[in-house]
Number of protein chains: 2
Amino acid sequence: MNISHAAKAAGLPTKTVRYYADVGLVAAQGRSTSGYRTYSEREIRKLIFVRRAREFGFSIEECRELLGLYEKDDRASADVKQIATKRLFEIERKQRELQSLHDELSNLVTACRGDNRPDCPIINYLG
Amino acid sequence: MNISHAAKAAGLPTKTVRYYADVGLVAAQGRSTSGYRTYSEREIRKLIFVRRAREFGFSIEECRELLGLYEKDDRASADVKQIATKRLFEIERKQRELQSLHDELSNLVTACRGDNRPDCPIINYLG
DNA sequence: CTTGACCTTCCAGTTAGGGGAAGCCTTATC
DNA sequence: GATAAGGCTTCCCCTAACTGGAAGGTCAAG
């Protein structure tokens with residue numbers, strides 16, 4: 001299977017599939033005589049796995065670890081859970097940060113009249 | 001005032017202050033005979049303004065616009081409000097995204113036993 | 001006079017790819 | 001068999017907002 005076919009099957013841009021090969025995340029199965037990357041079902045499954053993990057916000061390095069565990073039949077689920085828990089904490093930290101930003105900014109936006117006069121609580125707060 | 005003094009007064013790293021000068025966001029007041037950047041109270045206030053705006057997540061370009069309005073006595077508060085509202089919507093979009101990620105990942109993490117056996121709902125979901 | 005702490009510019013690296021050029025390869029059509 | 005369209009390859013530059021570091025000039029103290 002050619003790279004664009006594999007990319008379509010995995011739901012990823014061709015450039016991304018090539019990038020994953022470059023950084024050694026999902027290698028192509030091999031090369032054709034003319035140098036084209038070839039992909040089989042196994043690589044497609046790994047590409048899909050990575051796409052989903054990336055959608056959860058796991059970094060490339062975390063995807064590398066998860067993929068290793070995915071492929072390892074005698075993995076400990078504790079290892080997977082640890083990585084996922086770390087990501088979950090990051091999400092929660094980001095949520096708290098956004099919540100506090102939202103509260104503050106929301107108050108300021110509400111307090112701003114938004115007319116053609118210069119006085120503005122947002123500017124006052126920042127300045 | 002030297003750059004490190006100004007940076008300390010504004011609560012920013014020296015490198016960042018130099019970067020803001022490079023991209024034309026907050027120029028130094030001038031240069032000493034030996035080529036050192038000099039800063040006065042006015043620039044310090046602008047640096048503090050930018051630091052606060054950055055803490056709200058405004059981009060450098062948005063900071064440039066806000067700084068322009070900050071300096072413009074005959075600004076319309078509507079212009080400020082528009083920029084801030086845009087940022088607020090971005091925050092809200094990100095919050096919804098994180099909430100959905102959190103819900104899904106949280107379920108998976110809870111369902112994973114985290115022991116030394118290989119079966120794992122997280123891996124099953126991704127694979 | 002020298003040491004250490006400043007300052008300067010410039011270059012490279014960070015994340016996860018995207019855009020595009022130059023040049024081969026393949027396939028369809030005439 | 002020739003040609004054109006499209007796919008593939010590598011390579012390099014670009015993104016945001018800095019951060020780290022190297023090489024070299026400057027300044028104040030001892």
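Computed from a prediction, not measured in an experiment: that's the story for all the values here. Within every chain, numbering begins at 1; the chains are lettered A, B, ... in the order of the sequence lines, protein sequences first and strands thereafter.
No contact: S32(B) has no heavy atom under 4.0 Å from any strand.
Proximity of T14(A) to the phosphate of dC8(D): no side-chain N or O atom is located under 4.0 Å from OP1 or OP2. For R54(B) and dC18(D), the shortest distance from a side-chain N or O to OP1 or OP2 is below 4.0 Å. Side-chain nitrogen and oxygen atoms of R31(A) include none within less than 4.0 Å of the OP1 or OP2 phosphate oxygen of dC8(D). Here S59(A) does not reach the OP1 or OP2 of dT15(C): none of its side-chain N or O atoms lies under 4.0 Å away.
Mapping I60(B) and S34(B) onto DNA chain D by nearest heavy atom places I60(B) closer to the 5' end of the strand. Between R37(A) and F58(B), the residue anchored closer to the 5' end of DNA chain D is R37(A), taking for each the nucleotide with the nearest heavy atom. Residues P13(A) and T33(A) both approach DNA chain C. Their nearest nucleotides, taken by heavy-atom distance, put P13(A) toward the 5′ side.
Rounding to whole angstrom units, CE of residue M1(B) and C1' of dC7(C) are separated by 16 Å. Residue R18(A) contributes atom CZ, which lies 12 Å from atom C1' of dG17(C) at whole-angstrom precision. As a whole-Å value, the separation of H5(B) NE2 from dC6(C) P is 12 Å. The distance from atom NZ of K8(A) to atom P of dC8(D) is 10 Å, rounded to the nearest whole Å. With rounding to whole Å, L12(A) atom CG is found 14 Å from dA16(C) atom P. For I3(B) and dT26(D), the CD1 to P distance is 17 Å, given to the nearest whole Å. In this structure, the CZ atom of R51(A) is 17 Å from the P atom of dA16(C), given to the nearest Å. Rounded to whole angstrom, the span from the NZ atom of K15(A) across to the P atom of dC11(D) amounts to 13 Å.
Under the 4.0 Å criterion applied to side-chain N and carboxylate O atoms, E41(B) and R45(B) are not assigned as salt-bridge partners. A salt bridge is defined here as a Lys NZ or Arg NE, NH1 or NH2 lying under 4.0 Å from an Asp or Glu carboxylate O, and E61(A) with R64(A) meets this definition.
Side-chain proximity of N2(A) to the nucleotides dG18(C), dA16(C), dC8(D) is greatest for dC8(D). Among the nucleotides dC18(D), dG7(D), dC7(C), the one closest to any side-chain atom of S4(A) is dG7(D). The side chain of Y19(B) approaches dC18(D) more closely than any other nucleotide in the set dC27(D), dC8(D), dC18(D). Here the nucleotide nearest the side chain of Y36(B), chosen from dA17(D), dG25(D), dT8(C), is dG25(D).
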* Asked: Does the pair K86(B) and E62(B) meet the rule for a side chain to side chain contact (heavy atoms under 4.5 Å, CB included), with working shown?
  -> CA-CA 10 Å; K86(B) 174 161 159 281; E62(B) 287 165 339; 2.8 Å; yes

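The only option from I44(A), L12(A), V17(A), L47(A) that meets the side chain to side chain contact (heavy atoms under 4.5 Å, CB included) definition with V26(A) turns out to be L47(A).
Interatomic distance, K46(A) NZ to L25(A) CG, rounded to the nearest 0.5 Å: 8.5 Å.
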